[in-house]
Amino acid sequence: DASRSVWLYRFPSGTNIRQIGYYVAILTTVPATLLLFSRKNTAFYAVSIFSHILFMSWTGSRGAVAGFFIALAFTLSISIFYVSKKRILLLFLASFAGLSLSTFIPNPVPEFGLYRFYNDADKRNFANGRDIVWTDTVNEIKNNLSIGYGSGTFSSNISKKTEYQFNQPHQIILQYIYDWGMFGGVAGLLLVLSFYFSTIRRLIQKVHIGRFAAAFAFSTIGVVGMIDGPFFYPLSMMMALAIISLAFVEHDT
């Protein structure tokens with residue numbers, strides 16, 4: 001039973017399947033942007049969005065689903081007058097279809113699926129234990145507030161004092177301050193924020209497909225980072241950076 005559980009939680013790779021969920025959330029910003037701005041391959045982009053949302057919903061990756069839709073709403077609010085309303089409607093229809101169909105796919109374990117959202121909310125357990133992790137992390141930060149514990153030490157340190165084993169505290173602010181202390185953590189967070197505001201400012205100055213995609217991807221990883229760990233893993237950061245770079249390399253024509 002134990003080996004079966006590990007297989008189901010980690011299929012189709014060695015990583016947790018919900019971690020794949022927020023990778024997919026970041027990548028979904030690309031077909032979503034293309035659907036909104038491109039005049040070709042509309043059906044292909046719609047099917048791509050549908051399949052990505054279907055996967056995220058089926059895994060029960062709440063951070064991925066919430067991050068994508070919150071970031072989409074925010075980025076659209078900046079660009080609403082420059083985007084076709086029909087395309088926005090098509091994007092939401094494709095997303096809704098993915099969300100809906102995911103409820104009919106059998107879940108290999110109870111933690112999968114959209115019903116997990118409802119069940120945990122009904123039990124007032126939407127944080128899924130993260131509040132305990134965050135509280136323990138804050139207590140540890142207080143013990144070494146100035147310089148932190150060092151990058152990559154969270155797992156070994158926290159497992160000695162608690163029963164859970166996480167690589168990071170599933171929250172970017174706590175992660176940075178735990179690793180680098182108040183001085184280094186705040187400095188790192190300010191660098192991320194300044195980069196983010198620079199990306200948003202470029203979109204406000206001129207709504208363009210590349211700038212929209214960049215702001216969308218940056219907002220997605222930012223929202224997910226408030227409740228999960230995409231700023232801990234190089235792959236998710238590289239995915240986001242590849243898209244964000246579009247805001248700074250495109251020609252102003």
Considering non-hydrogen atoms only, spot the tightest contact between G210 and L246 and give its length. O-CB, 3.6 Å
Listed by chain and number, what are the side chain to side chain contact (heavy atoms under 4.5 Å, CB included) partners of L27, not counting sequence neighbours? M239
Would you say the side chain of F69 lies within less than 4.5 Å of the side chain of L99, judging by non-hydrogen atoms? yes
Which atom pairs, one a donor and one an acceptor, fall under 3.5 Å between side chains of residues 170-180 and the rest of the protein, sequence neighbours left out?
from	atom 1	to	atom 2	distance (Å)
H170	ND1	Q168	O	3.0
Q171	OE1	I173	N	2.9
Q171	OE1	L174	N	3.1
Q175	NE2	F231	O	3.2
Y178	OH	N157	ND2	3.2

Counting neighbours of CZ on F195 that are heavy atoms of other residues, nucleotides or ligands and sit closer than 6.0 Å, is the number greater than 12? yes
Spell out, yes or no, whether F183 and L189 are grouped together once hydrophobic residues are joined by side-chain heavy atoms under 4.5 Å, including indirect joins. no
Looking only at heavy atoms, the pair that brings S95 and I49 closest together is OG-CG2, 3.8 Å
Residues passing the side-chain hydrogen bond (donor to acceptor under 3.5 Å, both in side chains) test with S219, sequence neighbours excluded, are Y196
Got L76 and F212 here, is their nearest side-chain heavy-atom distance under 4.5 Å? yes
Where A247 and R202 come nearest, the two heavy atoms and their spacing: O-NE, 2.5 Å
Nearest-0.5 Å distance, CZ of residue F216 to CD1 of residue I221: 13.5 Å
Checking side-chain contact (heavy atoms from CB on, under 4.5 Å) for the pair V192/F218: CA distance, chi angles, key distance, verdict? CA-CA 10 Å; V192 173; F218 212 149; 4.3 Å; yes
Enter the distance from L190:CG to F197:CZ here, rounded to the nearest 0.5 Å. 10.0 Å
Using 0.5 Å steps for rounding, measure from the NZ atom of K160 to the CD1 atom of I158. 11.0 Å
Below 3.5 Å, can you tabulate the donor-acceptor pairs from side chains in residues 142-149 to any protein atom, sequence neighbours excluded?
from	atom 1	to	atom 2	distance (Å)
N143	ND2	N139	O	3.3
N144	ND2	G148	O	2.7
Y149	OH	E140	O	2.5

Tell me whether S51 contacts the main-chain N or O of S48 through its side chain, where contact means a donor paired with an acceptor under 3.5 Å. yes
Would you compute the distance between atom CD1 of I105 and atom OG1 of T59 and round it to the nearest 0.5 angstrom? 10.5 Å
Listing, residues 30-37 side-chain donor-acceptor contacts under 3.5 Å, not counting sequence neighbours, or none:
from	atom 1	to	atom 2	distance (Å)
T33	OG1	T29	O	2.7

Side-chain contact, heavy-atom cut-off 4.5 Å: L72 with F92? yes
Is L191 linked to L241 within one hydrophobic cluster, defined over Ile, Leu, Val, Met, Phe, Trp and Tyr using a side-chain heavy-atom separation of less than 4.5 Å? no
Is there side-chain contact between T162 and V133, with heavy atoms separated by less than 4.5 Å? no
Non-neighbouring partners of K85 that pass side chain to side chain contact (heavy atoms under 4.5 Å, CB included), sequence neighbours left out: I80, I88
State plainly whether one hydrophobic cluster holds both I26 and L235, where clusters connect Ile, Leu, Val, Met, Phe, Trp and Tyr through side-chain heavy atoms under 4.5 angstrom apart. yes
Least distance between heavy atoms, I227 atom then G63 atom: CD1-CA, 3.4 Å
Taking salt bridge (Lys or Arg N to Asp or Glu O under 4.0 Å) as the cut-off, I'd like each qualifying pair that reaches into residues 215-242, sequence neighbours left out, listed once. R130-D228
In the structure I gave you, are the side-chain heavy atoms of V207 and F81 within less than 4.5 Å of one another anywhere? no
What's in the same ILVMFWY side-chain cluster as L93, cut-off under 4.5 Å, chained through other members? L89
Which value, rounded to the nearest 0.5 Å, describes the distance between T153 atom OG1 and N167 atom CG? 11.5 Å
Tell me the closest heavy-atom pair linking V224 and A64, and the distance in Å. CG2-CA, 4.3 Å
Restricting to side-chain hydrogen bond (donor to acceptor under 3.5 Å, both in side chains), what partner residues turn up for S100, sequence neighbours left out? none
Pairwise side-chain contact, F248 with T199, heavy-atom cut-off 4.5 Å (strictly under): yes
ILVMFWY network linking W58 to F96, side-chain heavy atoms under 4.5 angstrom: no
Rounded at 0.5 Å granularity, tell me how far OG in S38 sits from CD1 in I209. 6.0 Å
Set of ring-ring contact (aromatic ring centres under 6.0 Å, His included) partners for Y22, sequence neighbours left out: none
Any donor and acceptor pair, going by atom type alone, linking the side chain of T28 with main-chain N or O of V24 inside 3.5 Å? yes
Heavy-atom check, side chain of I53 versus side chain of F68, under 4.5 Å: yes
With a 4.5 Å cut-off on side-chain heavy atoms, are L90 and T42 touching? yes
Determine, using the 4.5 Å side-chain heavy-atom cutoff (strictly less than), whether W134 and F154 are members of one ILVMFWY cluster. yes
Write out all pairs satisfying salt bridge (Lys or Arg N to Asp or Glu O under 4.0 Å) with one or both partners inside residues 145-158, taking only residues at least two apart or from two chains. none
Connecting only ILVMFWY residues whose side-chain heavy atoms lie within less than 4.5 Å of each other, what is the rest of V223's hydrophobic cluster? I70
